[in-house]
Amino acid sequence: MELKLDKPLIIFDLETTGLGFKDKIVEISLIKVYPDGREESYTKRVNPGIPIPPEATKVHGITDEDVKDCPTFKEIAPELYEIFKDCDLAGYNSNRFDLPMLDEEFASAGINSGFSNVKHIDVQNIFHKMEKRTLEAAVEFYCGKKLENAHSAFADTQATYAVLKAQLDRYAGSLQNDVSSLAEFSKINNNVDLAGRMVYDEGGVAIFNFGKYKGQPVLEVLKNDPSYYDWIIKNDFSVDTKNHLTKIKLLG
């Protein structure tokens, strides 16, 4: 089933030096789908400016030698911003990882991504709610084929797009074919920040979603343990998370 869109949707995937917000992107791939059905693809390798750990290379196969002559993210950021501007987004595990990682890279390049103002579809969350398996299993389950070149950014991007369309076919009676509904369904929490380190509870109160204060109101924690704010600001959390925490602190 083809997607019903009222604005372009970008399905994207990242390969990185690691899983922390101090890590860097080494490859980005995307498919941009327009409301009229047109599709454009884009893949770019990126020089992260730091060594790629061997354990990361084992996952995606990209080495320091592969990216030594590639542009930095800052160099391609203006071009990427124009591609992503005013588009809704989709990915696999993107709400938890790819989305905040890309937002972090844009912030490091001095660009406000605007991702907080668009819809985000996480295909993994739809999959886990419906079947609870991995991307490779999702491709086999929904599309009836093996995923070739897993952990190649473009192969994973193509697979994610194919699985999303197949999910619309399989769950036609349960899933609504519009970006707003899919984005809402693919949420696990009502996030305050992109990475979901803070979420809104049922009463609309911002609470921590990790660590020793998980489940406790953010404002209450900051008042009772002011050092916790400093700890987050100084450690490996995304700029977006830190900005939302600061905003809550100042407005509280």
Query raised in the report: Got a donor-acceptor contact below 3.5 angstrom from the Asn112 side chain to the Gly114 backbone?
Result: yes
Query raised in the report: When Tyr42 is tested against each of Thr157, Ile10, Leu80 for side-chain contact (heavy atoms from CB on, under 4.5 Å), which residue passes?
Result: Leu80
Query - Pairwise side-chain contact, Cys143 with Val163, heavy-atom cut-off 4.5 Å (strictly under) - result: yes
Requested in this report: Could you tell me which residues satisfy salt bridge (Lys or Arg N to Asp or Glu O under 4.0 Å) with Lys85, sequence neighbours excluded, listed by chain and number?
Outcome: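 Checked Lys85 against salt bridge (Lys or Arg N to Asp or Glu O under 4.0 Å); matches are Glu82.
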**Report entry** Pair Asp240-Phe115, side chain to side chain contact (heavy atoms under 4.5 Å, CB included): steps then yes or no
**Finding:** CA-CA 10 Å; Asp240 179 70; Phe115 292 161; over 6 Å; no
Query raised in the report: Under 3.5 Å, side chain of Asp122 to main-chain N/O of Asn95, donor-acceptor pair present?
Result: yes
Query - Cys87 versus Lys32, closest heavy-atom pair with distance - result: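 Smallest heavy-atom distance, with atoms named: SG-CE, 3.5 Å.
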Query raised in the report: If only atom types and distance count, is the side chain of His244 paired as donor or acceptor with the main-chain N or O of Arg197 below 3.5 Å?
Result: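 It does not hold such a pair.
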Query raised in the report: Do Phe141 and Phe127 make the cut of ring centroids closer than 6.0 angstrom?
Result: no
Query raised in the report: Below 4.0 angstrom, N of the basic side chain to O of the carboxylate: do Glu65 and Lys68 qualify?
Result: yes
Query raised in the report: Could you go step by step and tell me if Asn177 and Leu3 meet the side chain to side chain contact (heavy atoms under 4.5 Å, CB included) rule?
Result: CA-CA 6 Å; Asn177 188 354; Leu3 290 162; 4.1 Å; yes
Report task. Check whether any side-chain N or O of His60 sits under 3.5 Å from a backbone N or O of Thr16 as a donor-acceptor pair, and report yes or no. Result -> yes
Query raised in the report: Linking I/L/V/M/F/W/Y whenever their side-chain heavy atoms sit closer than 4.5 Å, directly or via other members, would Ile31 and Leu5 fall into one cluster?
Result: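 Yes, one cluster joins them.
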Query raised in the report: Taking a hydrophobic cluster as the set of Ile, Leu, Val, Met, Phe, Trp and Tyr residues connected by side-chain heavy atoms closer than 4.5 Å, whether directly or through intermediates, do Leu14 and Val123 fall within one such cluster?
Result: no
Query - Distance-minimising heavy-atom pair for Ala172 and Met1 - result: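 Taking Ala172 first and Met1 second, the nearest heavy atoms are CB-CE, 4.0 Å.
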Query raised in the report: Above 12 or not: heavy atoms from other molecules or residues under 6.0 Å from NZ of Lys7?
Result: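 Result for NZ/Lys7: enclosed.
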Query - Side chain proximity check, Glu105 to Val46, heavy atoms < 4.5 angstrom - result: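 A side-chain contact is absent here, since even the closest heavy-atom pair is not under 4.5 Å.
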Query - Side chain Asp236, main chain Phe21, donor-acceptor under 3.5 Å - result: yes
Query raised in the report: What is the minimum heavy-atom distance between Asp201 and Gly203, and which atoms define it?
Result: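 Looks like OD1-N, 2.9 Å.
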Query raised in the report: Has the side chain of Asp13 got a donor or acceptor atom that lies under 3.5 Å from a matching backbone atom of Tyr92?
Result: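 No: the side chain of Asp13 does not pair with the backbone of Tyr92.
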Query - Pair Val199-Ile207, side chain to side chain contact (heavy atoms under 4.5 Å, CB included): steps then yes or no - result: CA-CA 6 Å; Val199 298; Ile207 61 175; 3.7 Å; yes
Query raised in the report: In terms of hydrophobic clusters joined by side-chain contacts under 4.5 Å, are Ile126 and Leu9 together?
Result: yes
Report task. Kindly give the cluster partners of Tyr228, where membership spreads through any ILVMFWY side chain lying under 4.5 Å from a current member. Result ->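 Members besides Tyr228, by chain and number: Val192, Met198, Tyr200, Phe208, Phe210, Tyr213, Val218, Leu219, Val221, Leu222, Tyr229, Trp231, Ile232, Ile233, Phe237, Leu245, Ile248.
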Query raised in the report: Backbone N or O of Gly196 within a donor-acceptor pair of the Asn209 side chain at under 3.5 Å?
Result: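 The answer is yes, because a donor-acceptor pair under 3.5 Å joins these two groups.
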Report task. Would you give the length of the straight line joining atom CD1 of Ile28 to atom CD1 of Ile76, rounded to the nearest 0.5 angstrom? Result ->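 It comes to 6.5 Å.
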**Report entry** Worked check of side-chain hydrogen bond (donor to acceptor under 3.5 Å, both in side chains) between Asp66 and Thr63
**Finding:** CA-CA 5 Å; Asp66 292 332; Thr63 66; 3.1 Å; yes
Report task. Look only at the side chain of Lys129 and the backbone of Lys187, and say whether a donor-acceptor pair between them is shorter than 3.5 Å. Result ->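 Yes; at least one donor-acceptor contact below 3.5 Å.
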Report summary line: One should read off an interatomic distance between Ser94 OG and Phe12 CZ, to the nearest 0.5 angstrom, of 5.5 Å
Report task. Determine whether more than 12 heavy atoms belonging to other residues, nucleotides or ligands lie under 6.0 Å from atom NZ of Lys165. Result ->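 Yes, the 6.0 Å shell around NZ holds more than 12 heavy atoms from other groups.
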Query raised in the report: Do the ring planes of Phe106 and Tyr81 sit parallel (below 30°), tilted (30 to 60°) or perpendicular (above 60°)?
Result: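 The arrangement is perpendicular - the two ring planes meet at more than 60°.
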**Report entry** Closest heavy-atom pair and its distance - Ala109, Ala77
**Finding:** CB-CB, 3.7 Å
Query - Side-chain donor-acceptor pair present, Asp23, Thr17, cut-off under 3.5 Å - result: yes
Query - Polar side-chain atom of Asp169 near backbone of Ala166 as donor-acceptor pair, under 3.5 Å - result: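 Looks like no, no N/O pair under 3.5 Å.
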**Report entry** Closest approach of Arg38 to Glu40 (non-hydrogen atoms, all atoms of both residues)
**Finding:**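 Scanning both residues completely, I find the closest heavy atoms to be NH1-OE2, 3.9 Å.
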Requested in this report: Could you tell me whether the side chains of Asp230 and Ser227 share a donor-acceptor contact shorter than 3.5 Å?
Outcome: no
Query - Worked verdict on Leu250 versus Thr246 for side chain to side chain contact (heavy atoms under 4.5 Å, CB included) - result: CA-CA 6 Å; Leu250 293 176; Thr246 300; 3.9 Å; yes
Query raised in the report: Do Val67 and Pro48 come close enough that some side-chain heavy atom pair is under 4.5 Å?
Result: yes
Query - Minimum heavy-atom distance Leu147-Ala159, with the two atoms named - result: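 Nearest pair, atom of Leu147 first, then Ala159: CD1-CB, 3.6 Å.
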Query raised in the report: More than 12 heavy atoms of other residues, nucleotides or ligands under 6.0 Å from CZ of Arg45: is that the case?
Result: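 Yes - once you tally the heavy atoms of other residues, nucleotides and ligands closer than 6.0 Å, there are more than 12.
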Query raised in the report: Are Phe97 and Ile62 co-members of a hydrophobic cluster defined by side-chain heavy atoms under 4.5 Å apart?
Result: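 Different clusters: Ile62 never reaches Phe97 through Ile, Leu, Val, Met, Phe, Trp or Tyr contacts under 4.5 Å.
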Query raised in the report: Could you give the distance from CG (Asn47) to NZ (Lys24), rounded to the nearest 0.5 Å?
Result: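 Those atoms lie 11.5 Å apart.
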Query raised in the report: When rounded to the nearest 0.5 angstrom, what is the spacing between NZ in Lys44 and CZ in Phe154?
Result: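 With rounding to 0.5 Å, NZ (Lys44) is 14.5 Å from CZ (Phe154).
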Query raised in the report: Is the CD atom of Glu136 crowded by more than 12 outside heavy atoms at less than 6.0 Å?
Result: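 Counting neighbours around CD of Glu136, more than 12 heavy atoms of other residues, nucleotides or ligands fall under 6.0 Å, so yes.
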Requested in this report: Indicate, with yes or no, if Leu135 and Met130 share a hydrophobic cluster defined by side-chain heavy-atom contacts under 4.5 Å among Ile, Leu, Val, Met, Phe, Trp and Tyr.
Outcome: yes
Query raised in the report: So, Asp88 side chain and Val118 main chain: donor-acceptor pair closer than 3.5 Å or not?
Result: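 Not a single qualifying donor-acceptor pair exists.
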Query raised in the report: Got a second to check how far Ser108's OG is from Asp103's CG, nearest 0.5 Å?
Result: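 Going from the OG atom of Ser108 to the CG atom of Asp103 covers 9.5 Å.
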Query raised in the report: How long is the gap from NZ on Lys119 to OG on Ser186, to the nearest 0.5 Å?
Result: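 Rounded to the nearest 0.5 Å, the NZ-OG separation comes to 11.5 Å.
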